[in-house]
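Lettering follows sequence order; numbering is per chain, from 1.
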Amino acid sequence: MSKEDVGVTVSKNEDFSEWYTQVVLKAKLADYAPVKGLIVLRPDGYSIWESLKNTLDKKFAKNGIRNGFLPILIPESLLGKEKKHFAGFNPEVFWVTHSGTNEIGDKLALRPTSETLAYTMYSKWIQSWRDLPLKINFWNTALRAEIKATKPFLRTSEFLWQEGHTVHTTQEEAEREVMKILEIYKNTVQEELAIPVTVGKKSEKEKFVGAVYTTTMESIMPDGKALQMGTSHFLGQNFSKPFEVKFADKDNVEHFTWQTSWGVSWRLIGAMIMVHGDDNGLVLPPNVAPTQVVIVPIYRNDEGKKIVLSKVEEIKTNLESEEIRVHVDDRSELSPGYKFNDWELKGVPLRIEIGPKDIEKQSMVIAKRYNREKSSLGFDEIKKISSILDEIQKNMLKNAQEKARENTIDISDYAEFKSKIEGGGFFNAPWCGKLECEEKIKEETGADIRVIPFGSENSNLKCAYCQEQSMSIPIFARGY
RNA sequence: GGGAUUGUAGUCUAGCUUGGUAUGAUACUAGUCUGGGGGACUAGUGGUCGCAGGUUCAAAUCCUGCCAAUCCCA
């Protein structure tokens, strides 16, 4: 392997797909498992997931949601209870057909999602209005067979996610819950991962199979494709009826409940890699970085080493006392230059270099990963590191927002739409609301309706396809 | 769903056409010198050539099937 091969060998602009795969593997976030479509999450990758999990758990708890755990196997008879839902998932379900050598009569699905199982349980647990609302979240994995074109984090046959399932006495309360969750998702993604999202509804065609409607948050990736970042569904009574999730109200009349379900997956990690990474590798937002600050000590001899290392230890202790995640790279066999490149590949937000020159000047060199700027910081200014990290976090979001704006195009003319779609991007195109136009556009441009943003209702324009009166201005894009 | 390409040490790779027991680099281990943007030298370790069959005196190489990966187009 040549020196260049240690790092990422292709440019993000020239070969985006290859670049992405190399970053995932070389930054050691994940590796391929021996089975098609499955990956192994390595500690740095899992740490990012844990960070998201912690943030979401706190917000869920504040909203009265508690965690539970569901088994992975669902009998076919249960999965088939809501017919549209089953038809939607069936092509990608893995089945367990045998226990040892015995064939299983009612074969078992490896959960593609847990609505059917959760609601079977819910119907047992809920009898009275006093049992509601019931709000449980499950951290688990889901399995959906991907026949082709798998990609770490973005499309894998098994993925880590959380699925929340709530039950309410009224439609209004359930719909409020749907929106509350979407808001939590949006804030988490923007504040933690520094990725801007657009929220709104999915079209009838693109909604979750079995839902009354689906709300979603979508982001634009640097290659111009859209990525679904998370969804929150209003299920109405579509599941409560077949699964008999009922309650007796205060007047002792039995009603079907109103339900929601919602989820985000490790796909968010994929989005973060794509949005922030560069030709030198991964770039992590400080909030989710397993290591926020790495210190590289530099010395020429044993005496210098002693002086430098004692200063480094002092700084490390100092930073740790402020809850900053810091690592000292004291590997003696590697040169400083190698370490710089290594930590940049891994995306550590801030690097501190301390050598004999710095000791003399009573200052250290700090290098920001996201813009690769180097500057000097006095030893007495160590308290500033925390605010520097905050500033990095904010600037990363700002930069991403700018790029997203540049890639968003208002469309009034269909010819313009067709000519620009090859370059990718989010296309704000007025739409009459008819499935026919949606399908035609998909057929002719490859773009589908990613999201109908809240507040985009508009009847003063003409449908980009059929020229009839518009209903809304959805975002059309080619998706992942 | 359609197409193209690939699999040899932790990693990258030569060898394959024309069958004869695997090349080089890097990484790893030990040591010496080094150290502010991917260091140098010396000596070592590391391989069921993706898996399973077949052909053959002999298979990384030829044949068949399978598994896995990458990219492009629906």
Side-chain angles (χ1 to χ4, degrees), chain A residues 1-12 14-28 30-40 42 91-92 145-158 223-225 278-281 294-309 311-312 328-346 348 351-361 363-369 372-377 421-422 424 439-448 478-480:
Chain A
M1 183 164 50
S2 74
K3 281 167 191 164
E4 292 76 39
D5 289 344
V6 181
V8 179
T9 59
V10 295
S11 148
K12 187 179 181 184
E14 280 160 25
D15 192 349
F16 186 71
S17 203
E18 169 70 15
W19 169 86
Y20 175 82
T21 306
Q22 283 198 18
V23 172
V24 171
L25 297 178
K26 293 184 175 178
K28 300 187 177 167
D31 202 353
Y32 293 108
V35 178
K36 181 179 176 58
L38 302 185
I39 59 171
V40 176
R42 303 179 72 171
E92 46 196 26
E146 290 291 346
I147 316 293
K148 284 201 80 164
T150 61
K151 209 145 212 23
F153 298 121
L154 299 176
R155 194 172 297 140
T156 47
S157 289
E158 182 181 19
D223 60 350
K225 286 204 228 169
D278 64 21
D279 287 355
N280 294 298
V294 65
I295 307 178
V296 178
I298 299 159
Y299 41 79
R300 288 175 210 283
N301 50 43
D302 279 349
E303 197 192 342
K305 180 175 174 178
K306 221 167 141 186
I307 297 166
V308 167
L309 283 185
K311 188 71 203 177
V312 163
V328 174
D329 187 353
D330 56 2
R331 291 177 291 180
S332 61
E333 72 279 13
L334 298 173
S335 68
Y338 186 95
K339 293 177 184 176
F340 297 166
N341 284 290
D342 193 32
W343 292 108
E344 281 175 15
L345 175 61
K346 287 186 163 159
V348 173
R351 181 180 72 239
I352 297 178
E353 304 166 20
I354 299 176
K357 290 182 212 162
D358 304 290
I359 301 281
E360 239 169 71
K361 288 186 289 186
S363 71
M364 55 200 160
V365 174
I366 61 170
K368 294 174 192 165
R369 176 65 182 90
R372 296 177 40 89
E373 269 175 24
K374 273 194 184 192
S375 56
S376 174
L377 191 73
I421 187 72
E422 281 308 319
E439 282 177 338
K440 281 288 177 192
I441 291 173
K442 166 83 181 170
E443 203 181 299
E444 293 173 18
T445 66
D448 45 29
R478 289 182 180 170
Y480 266 88

Engineer: Salt-bridge test for A:K12 and A:D279: reply yes if a basic N is under 4.0 Å from a carboxylate O, no otherwise.
Structural biologist: no
Engineer: Quantified in whole Å, what is the P atom distance between nucleotide B:U42 and nucleotide B:G37?
Structural biologist: 25 Å
Engineer: Mind calculating the distance between CG (A:D31) and P (B:A69) to the nearest angstrom?
Structural biologist: 11 Å
Engineer: Going by an N to O cut-off under 4.0 Å, is there a salt bridge joining A:D330 and A:K305?
Structural biologist: no
Engineer: Can you identify which nucleotide, out of B:G35, B:G39, B:U70, has its nearest atom closest to the A:P336 side chain?
Structural biologist: B:G35
Engineer: Within 45 degrees of the axis of the six-membered ring of A:F340 and under 6.0 Å from its centre: does A:R351 put its NZ or CZ there?
Structural biologist: yes
Engineer: Any N or O donor-acceptor pair under 3.5 Å from the base of B:G36 to the side chain of A:K374?
Structural biologist: no
Engineer: Rounded to whole angstrom units, what separation is found between the CG atom of A:N341 and the P atom of B:G37?
Structural biologist: 10 Å
Engineer: Once hydrogens and angles are ignored, does a donor-acceptor distance under 3.5 Å link the base of B:G36 to the side chain of A:D358?
Structural biologist: yes
Engineer: Expressed as a whole number of Å, how far does the P atom of B:G35 sit from that of B:U70?
Structural biologist: 42 Å
Engineer: Taking only the side-chain heavy atoms of A:Y338 (C-beta and beyond), determine which of B:G37, B:G36, B:G38 contains the nearest atom.
Structural biologist: B:G38
Engineer: Using whole Å, report how far OH of A:Y480 lies from C1' of B:C73.
Structural biologist: 15 Å
Engineer: If you check the A:T21 side chain, which of B:G36, B:G37, B:U70 turns out closest?
Structural biologist: B:U70
Engineer: Taking OP1 and OP2 of B:A69, is either one under 4.0 Å from a side-chain nitrogen or oxygen of A:K151?
Structural biologist: no
Engineer: Report the distance from atom CD of A:E439 to atom P of B:A74, rounded to the nearest whole Å.
Structural biologist: 18 Å
Engineer: B:G35 P sits how many Å from A:E303 CD, rounded?
Structural biologist: 15 Å
Engineer: Roughly how far, to the nearest 0.5 Å, is OG1 of A:T9 from NZ of A:K26?
Structural biologist: 4.5 Å
Engineer: Rounded to whole angstrom units, what separation is found between the NZ atom of A:K225 and the P atom of B:C71?
Structural biologist: 10 Å
Engineer: Between A:K339 and A:E344, is there a salt bridge with N-O shorter than 4.0 Å?
Structural biologist: no
Engineer: Taking only the side-chain nitrogens and oxygens of A:K36, find out if one of them lies under 4.0 Å from OP1 or OP2 of B:C67.
Structural biologist: no
